[in-house]
Peer 1: 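The structure's right below; bear with me while I get my questions together.
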Protein chains: 2
Amino acid sequence: MTKIGIRYTKPRKLVFEALEHLSKPVSANEINDYLKNKIDLTSVYRTLSLLIKSEMVNVILFGEGKKRYELKNKNEHHHHLVCEKCGDVKDVEMKESSLLKSVEERSKFVIKKHNLEFFGLCPDCQ
Amino acid sequence: MTKIGIRYTKPRKLVFEALEHLSKPVSANEINDYLKNKIDLTSVYRTLSLLIKSEMVNVILFGEGKKRYELKNKNEHHHHLVCEKCGDVKDVEMKESSLLKSVEERSKFVIKKHNLEFFGLCPDCQ
DNA sequence: AAATTATTGCAAATGATTTGCAATATTGCA
DNA sequence: TGCAATATTGCAAATCATTTGCAATAATTT
């Protein structure tokens, strides 16, 4: 008799805890560092794809040539403001439904998702 | 007597022409394909960094794990709407100054730049 | 506790981008 | 024009992020 299922394993527990604890967009490597290499980097990547597929994690791009990952559950849909000097990341909330509607109307596209990230200098670094 | 200067060379000419001709965000590889490997991929990359430094080219991220490059001169500041099915890219213009101002006020950051890209289905692919 | 099957770690592959370096091309000046 | 000075190229190899294959291991069902 065949059974299929997703198992709750140590690597998965750990990656989830790392994302929860770090609670900002982090790279796969940063997760690994936080976990002190207790699990293999490959498992971090594999767990992340799982979490992304289950819509528990968002992928965020800051244009550094790598992906960053963030738990979804916490806050609502939001964007980020990154300090180009110290690297601090702040969440940005905004209502963008009218903006999306306007783009949809003008383009006749159906919009499924969007990326929006801001870069600048935080109060301390100005 | 030492002289310093930037030279107008064949590879640079070609990369510029490729960007002009393709006139949408393209990857380094796509530039190379267009140029039929007349120049080395390394030179494409080196020319692109030069053009970026001189603010003639923008880097655009669609989250595919690679960068895309687009000539600045053509249109004004704009964003992109990418069809997730056929890959077609449409430019999106919008006035975002009030949005930026609002984010700056709420965050106390000074915003230097931002990324905004939309993904969805174009009229033909819906 | 055994059998079944999902998951892991490790090594190696892949893809994008960068770097070192000797060979070559461009440019300013005699 | 011709040459020297130096910027730039191509090629090979390095690097970084991410993915894949596979045999060993762990989780789960019975």
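These numbers come from the heavy atoms of this one structure, side chains and all, not from hydrogens, waters or symmetry mates. Predicted model only: the values in this text are computed from it and were never measured. Labels below follow one simple rule: chain letters A, B, ... track the order of the sequence lines, proteins then strands, and each chain is numbered from 1.
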Peer 1: Generate the contact string for nucleotides 14-24 of chain C. Rules: B means base contact, S means sugar-phosphate contact only, - means no protein heavy atom under 4.0 Å.
Peer 2: --SBBBB----

Peer 1: Tell me: CD1 of A:Ile39 to P of D:dA26, nearest whole Å?
Peer 2: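 Rounded to the whole Å, the gap is 15 Å.
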
Peer 1: Under a 3.5 Å threshold, yes or no: a donor from one side chain and an acceptor from the other, between B:Asp40 and B:Thr42?
Peer 2: yes

Peer 1: Let me know the distance between CZ of B:Arg12 and C1' of D:dG10, rounded to the nearest Å.
Peer 2: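 My rounded result for the distance is 14 Å.
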
Peer 1: Going by side-chain contact (heavy atoms from CB on, under 4.5 Å), name the residues that satisfy it together with B:Asp91, two or more places apart in sequence or in a different chain.
Peer 2: B:Glu70, B:Asn75, B:His78, B:His80

Peer 1: Go through the structure and list residues passing salt bridge (Lys or Arg N to Asp or Glu O under 4.0 Å) with B:Glu64, not counting sequence neighbours.
Peer 2: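 Listed in chain order: B:Arg68.
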
Peer 1: For residues 81-114 of chain B, which residue pairs pass the ring-ring contact (aromatic ring centres under 6.0 Å, His included) check, not counting sequence neighbours?
Peer 2: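 Of all non-adjacent pairs touching residues 81-114 of chain B, those that pass ring-ring contact (aromatic ring centres under 6.0 Å, His included) are B:His77-B:His114, B:His79-B:His114.
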
Peer 1: So, using side-chain contact (heavy atoms from CB on, under 4.5 Å) as the criterion, who are the partners of A:Lys13 when residues are at least two apart?
Peer 2: A:Tyr8, A:Glu17

Peer 1: How many Å lie between CZ on A:Arg7 and P on D:dT25, as a whole number?
Peer 2: 16 Å

Peer 1: With sequence neighbours excluded, what pairs up with A:Tyr45 under the ring-ring contact (aromatic ring centres under 6.0 Å, His included) test?
Peer 2: none

Peer 1: Hey, can you pull the donor-acceptor pairs under 3.5 Å for the side chains in residues 50-59 of chain A, sequence neighbours left out?
Peer 2:
residue: A:Ser54; atom: OG; partner: A:Leu50; partner atom: O; Å: 2.4

Peer 1: Below 4.0 angstrom from OP1 or OP2 of D:dG10, is there any side-chain N or O of B:Ser43?
Peer 2: yes

Peer 1: Please report the distance, rounded to the nearest Å, between CG in A:Leu61 and P in D:dA17.
Peer 2: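 Value for this atom pair: 14 Å.
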
Peer 1: Using atom CD1 of B:Ile6 as one end and atom C1' of C:dA25 as the other, report the distance to the nearest whole Å.
Peer 2: 16 Å

Peer 1: If you find the nucleotide of DNA chain C closest to B:Tyr8 and the one closest to A:Leu50, which residue's nucleotide is nearer the 5' end?
Peer 2: A:Leu50

Peer 1: Quickly work out the B:Leu35 CG to D:dG10 P distance and round it to whole Å.
Peer 2: 11 Å

Peer 1: If a pair means Watson-Crick or G-U wobble with both distances below 3.5 Å, what does DNA chain D look like in dot-bracket form, with | marking bases paired to a different strand?
Peer 2: ||||||||||||||||||||||||||||||

Peer 1: Just how far, in rounded Å, is P of D:dG10 from NZ of B:Lys38?
Peer 2: 12 Å

Peer 1: Identify whether NZ of Lys or CZ of Arg in B:Lys113 sits under 6.0 Å from the centre of the six-membered ring of A:Phe119 and within 45° of that ring's axis.
Peer 2: yes

Peer 1: I need the CG-P distance between B:Asp40 and D:dA13, as an integer number of Å.
Peer 2: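 So the two atoms are 14 Å apart, to the nearest Å.
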
Peer 1: Using the test side-chain contact (heavy atoms from CB on, under 4.5 Å), find all partners of B:Lys101 that sit at least two apart in sequence or belong to another chain.
Peer 2: B:Glu105

